[in-house]
Amino acid sequence: MTTQYIINLADEYVLATYARFPVAFTRGEGSTLYDPEGKTYIDFASGIGVNSLGYANTAWVNAVTEQAAKLAHVSNLYYTEPMAKLAEQLTRRTEMSAAFFSNSGAESNEGIIKLARKYSYEKFGSQNRHVILTLQNSFHGRTITTLEATGQEKFHGYDFFPYTGGFKYIQPGNIAAAKAACSEGSVCAVMIELIQGEGGVYPLPKDYVQELAEFCAENEILLLVDEVQTGVGRTGTLFAFQQYGITPDAVSFAKGIGGGLPLGGFLVNEKVRGVLRSGDHATTFGGNPICCAGALAVLETLTDTELSEVTRKGEKIRQTVLSWNSPNIAEVRGLGLMIGIKLTGVSHRDTVVKLLDSGVVALTAGSDTLRLLPPLTITDTELEQGLDVIRQVLQ
Ligand SMILES: *Cc1c(COP(=O)(O)O)cnc(C)c1O
């Protein structure tokens with residue numbers, strides 16, 4: 001089996017919805033990936049922020065395979081231990097009140113959108129108070145509703161009309177704009193990414209987020225935080241909101257939680273935990289025992305010490321990249337192991353292609369940014385090797 005064989009087979013039988021790179025992977029170990037020809041790649045992408053523990057992590061593999069051998073799925077009509085334990089872990093470590101589990105980021109955001117509208121309806125008795133504010137340049141998913149929640153024009157093409165309605169977009173960092181948008185009384189929630197990921201790795205200013213949280217609380221507007229990308233240790237704390245000094249009413253997560261298995265969900269605080277009741281929200285696969293067993297292994301690995309390592313390694317990457325003084329690097333942004341390198345004079349996509357040729361997997365974000373999301377467990381040696389390749393490519 002060769003890379004070309006896999007590409008030809010997929011091109012013939014798989015819908016061409018992705019601009020895939022001409023690379024196939026067959027296995028991984030630590031933060032290193034292998035293609036069918038045996039070429040190795042240092043992974044600075046984690047399958048888009050998913051493989052928190054890298055590849056073939058022993059604790060994760062054991063947890064998943066043991067659970068698969070015991071019980072793979074029973075549906076949400078019955079109780080299973082991995083889901084119950086995972087909800088306990090997540091709520092204890094965030095001081096949130098309860099969890100709901102789904103299968104993806106978009107689906108998790110759909111859940112908190114439903115929650116916000118129902119909370120508002122029950123509290124104010126009016127269907128008109130249903131608008132959700134999101135930020136310009138945000139990304140919230142690919143379903144019809146989360147596409148519309150996404151604050152980027154390019155995602156609102158006429159090809160998929162009609163969208164569901166009920167979203168307005170405000171400028172990130174502008175508290176006056178947020179207040180003005182709420183003045184008519186139609187807004188029930190604000191949904192934000194604390195670091196805009198797909199949009200280019202733009203962290204929101206802390207004082208803006210805190211002011212926004214205060215304003216929302218004073219006006220019975222829910223604060224929904226989309227931590228699908230920033231969550232589960234990526235920024236150096238279990239959730240990024242813990243560094244922003246706020247408590248969301250609901251926070252969604254997905255990508256990194258399952259350590260490579262499809263799992264998502266959201267956490268709610270005490271105030272809104274009674275909103276979604278029996279029959280209000282459901283999914284067949286959500287909180288599947290195998291995925292939850294994998295997630296428990298992820299959380300067990302991400303101790304406070306391991307999380308401080310995420311902060312240290314992120315700082316090391318930023319310092320190293322800045323020290324190159326490369327004319328192609330305009331700015332370095334991000335928090336923990338979520339890093340954006342704004343490029344100038346070279347295209348981000350061309351750079352990612354060159355990096356792949358040279359054995360490093362990296363991502364693009366926004367229109368001009370190279371995005372690095374290495375596994376949280378990446379070793380210093382792998383990190384240095386990968387950075388060395390990036391330095392050569394950007395010279
Ligand atoms: C990736 C992402 C999503 C969508 O997640 P899917 O699992 O692809 O549905 C939503 N929000 C943010 C912030 C993301 O990064």
Side-chain angles (χ1 to χ4, degrees), residues 15 17-20 45-52 100-116 132-152 154-156 160 164 167 169 172 189-204 209 223-235 239-241 244 248 250-267 283 285-288 291 294-295 298 333-340 362-366 369 371-374 376:
L15 210 57
T17 57
Y18 299 96
R20 290 185 214 274
S46 310
I48 321 187
V50 167
N51 305 314
S52 339
F100 177 89
F101 294 106
S102 70
N103 313 282
S104 70
E107 193 195 0
S108 305
N109 288 336
E110 291 267 350
I112 58 177
I113 289 165
K114 283 174 72 177
L115 171 94
I132 295 174
L133 300 182
T134 63
L135 300 184
Q136 289 161 6
N137 199 45
S138 58
F139 182 79
H140 297 295
R142 294 280 192 162
T143 61
I144 287 283
T145 299
T146 57
L147 268 181
E148 192 174 25
T150 293
Q152 301 186 54
K154 67 173 186 215
F155 288 103
H156 305 155
F160 298 126
T164 42
F167 292 92
Y169 317 104
V190 180
M191 180 157 76
I192 56 173
E193 294 162 274
L194 293 169
I195 304 174
Q196 297 190 324
E198 196 275 346
V201 192
Y202 289 98
L204 293 183
V209 171
L223 179 64
L224 312 176
V225 178
D226 176 349
E227 292 229 32
V228 169
Q229 193 160 153
T230 52
V232 200
R234 177 55 55 190
T235 66
F239 284 86
F241 78 76
Y244 273 84
V251 56
S252 59
F253 55 85
K255 290 189 166 92
I257 183 78
L261 287 172
L263 179 66
F266 55 87
L267 298 167
T283 166
F285 285 120
N288 166 289
C291 299
V298 169
R333 297 183 293 263
L335 201 61
L337 286 174
M338 178 168 181
I339 292 163
L363 301 161
T364 61
T369 298
R371 177 172 40 155
L372 308 181
L373 303 172
L376 306 181

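Predicted model, so just to flag it, every value in this text is computed and none were measured. First listed ligand is number 1; within each ligand, the first listed atom is number 1. Basis for what follows: all heavy atoms, side chains included, without hydrogens, waters or symmetry-related copies.
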How long is the span from the CZ atom in F100 to the OG atom in S252, to the nearest 0.5 Å? 12.5 Å

Is L261 atom CG crowded by more than 12 heavy atoms from other residues, nucleotides or ligands, each under 6.0 Å away? yes

For A45, side chain to side chain contact (heavy atoms under 4.5 Å, CB included) partners two or more places apart: D43, V361, L363

Output all residues satisfying side chain to side chain contact (heavy atoms under 4.5 Å, CB included) with N288, sequence neighbours left out; order by chain, then residue number. H73, I290, C291

Could you list the residues that satisfy side chain to side chain donor-acceptor pair (under 3.5 Å) with S52, not counting sequence neighbours? none

Mind checking what residues have non-hydrogen atoms under 4.0 angstrom from ligand 1? S104, G105, A106, N109, F139, H140, G141, E193, D226, V228, Q229, K255

Among side-chain atoms of S138 and T150, is any donor-acceptor pair under 3.5 angstrom? no

